[in-house]
Amino acid sequence: MKLGFVSAILDQSSYEEMMDTASALGFQCVEVACWPQGKAERRYAGVSHIDVERVLEDSAYAAHILDYAKEKGVEISALAFYPNTMDGNLEKRTAAVEHLKNVIRASAKLGIGLVTTFIGRDQVKTVEENLELVKEVWPPILETAEQEKVKIAIENCPMLFGPDQWPGGQNLMTTPAIWKKVFEILPSANLGINYDPSHFVWQMIDYIKPIYEFKDKIFHVHYKDIKLYPDRLNQVGIMAYPLDFMSPKLPGLGDVDWGKYVSALTDIGYDGYTCIEVEDKAFEGSSEKVLDSLKLSKRYMEQFVI
C-alpha cells in the first residue's frame, strides 16, 4: 500500500506547492482535487490543483503535471471531484455530470486511470426514487469511463451533516445494502468504492466486514477518523444532524481501530493507494496547523502502512 493524502486540505497552494509539500513530508501519493475553477460550494470543496479542461486542451500543461509529479517522486493516486451528480436542481446536476466526464477524460489522458467521486442523491427523494435516478444519470457517465478505460471509486460519505443536506443527504452509496443495489443496477467493472471507515462509525455500521464482502470493488482507500460524543448522542439521538453528536478527526484521534482496518485490507490483498483525508477542525486556522495535521496523520498511519 502507498500512503498519501487528499490534496483539498492544501487549498491555498498551487499544484506545484502542493506537490512540494507532499514530497517534503515524504508522502508517496496524492489524491488531487479537480473541482471546476473557482467554484467552492462547501468546506473542503471547490479546490482545484489540476485544471482538467486545460489538461484536455493543452498537452504541454498535461506533460508538466506528470513531469512535476515524477520530479518530486510523488504519484497521483486519483483525480478527485465530489459533486452531487443527482442534484434535484437540473442545472447543477448537468454541470456536475459534465465536469465529472471531463475529470474522467483527464484521468485517462494523464495515464492515471482512476477518479474518486460521489454517486450523488436528490436529498428530498426516497432511496427507491434515487435508485431509479441512478438508472437515468449514471449509465452515460460509466460509458465515458469504460471508453476511456478509467475506474470510478465512489466514497461512502452520506454527505449529511447539517440543515443544508437534510433530510436524505447528497450521496446515495452509504451502506453495504445500497452498494449491492447500485452494483446490480450498474454492473460495470469500472465502478467501485473509495472506502472510508469513518462514515460507517457514526452510522453504527461494522466498518470491517464490508472490506471482505466487497474486496473486488475497493479501488481506493481513505484514512479519516470520526469521534462520537456519547453524552451528546444521548441528548439528541441518531435522528439529529450528525455533527450534533460526532466530529471528523485525524487518524488515531477518533473511534476507528486502525490496526484492525489495515489488517483487513492486508487480508484481502489490497496493495493500492491509501490517502489521509483531513477534515479535523482542531487543525484549521493556520498553515502551520494544516502541516501539523499531515505530519501527525502520517506518523500515526506509518505504524500500519510503510
Looking at side-chain heavy atoms only, is the closest gap between [X] and [Y] below 4.5 Å?
X: Glu16; Y: His64; value: yes
X: Phe5; Y: Val30; value: yes
X: Ile218; Y: His220; value: no
X: Asn156; Y: Trp179; value: yes
X: Val103; Y: Thr117; value: no

**Item:** From Phe200, Phe219, Tyr270, Tyr207, residue fulfilling ring pair (Phe, Tyr, Trp, His ring centres under 6.0 Å) relative to Tyr195
**Value:** Phe200
Do [X] and [Y] pair up side chain to side chain, a donor and an acceptor below 3.5 Å, judged on atom types alone?
X: His199; Y: Thr174; answer: no
X: Gln123; Y: Gln165; answer: no
X: Thr116; Y: Glu31; answer: yes
X: Ser188; Y: Glu146; answer: yes

**Message:** Between Glu184 and Lys181, does any side-chain N to carboxylate O distance fall below 4.0 Å?
**Reply:** no
**Prompt:** Are Asp20 and Lys72 close enough for a salt bridge, meaning some N to O gap below 4.0 Å?
**Reply:** yes
Counting only heavy atoms not in [X], do more than 12 fall under 6.0 Å of its [atom1]?
X: Lys227; atom1: NZ; answer: no
X: Lys249; atom1: NZ; answer: yes
X: Gln147; atom1: CD; answer: yes

**Complete:** Closest non-hydrogen atoms of Leu66 and Leu110, given as atom of the first, atom of the second and distance, are CD2-O, 3.4 Å
**Asked** Which atom pair, heavy atoms only, marks the closest approach of His99 to Cys34?
**Response** NE2-O, 2.7 Å
Over 60° means perpendicular and under 30° means parallel, so classify the ring planes of [Y] and [X], tilted if in between.
X: Trp202; Y: Phe161; value: tilted
X: Phe183; Y: Phe214; value: tilted
X: Tyr82; Y: His222; value: tilted

**Message:** Do Leu160 and Leu133 land in one hydrophobic cluster if side-chain heavy atoms of ILVMFWY residues count as linked below 4.5 Å?
**Reply:** no
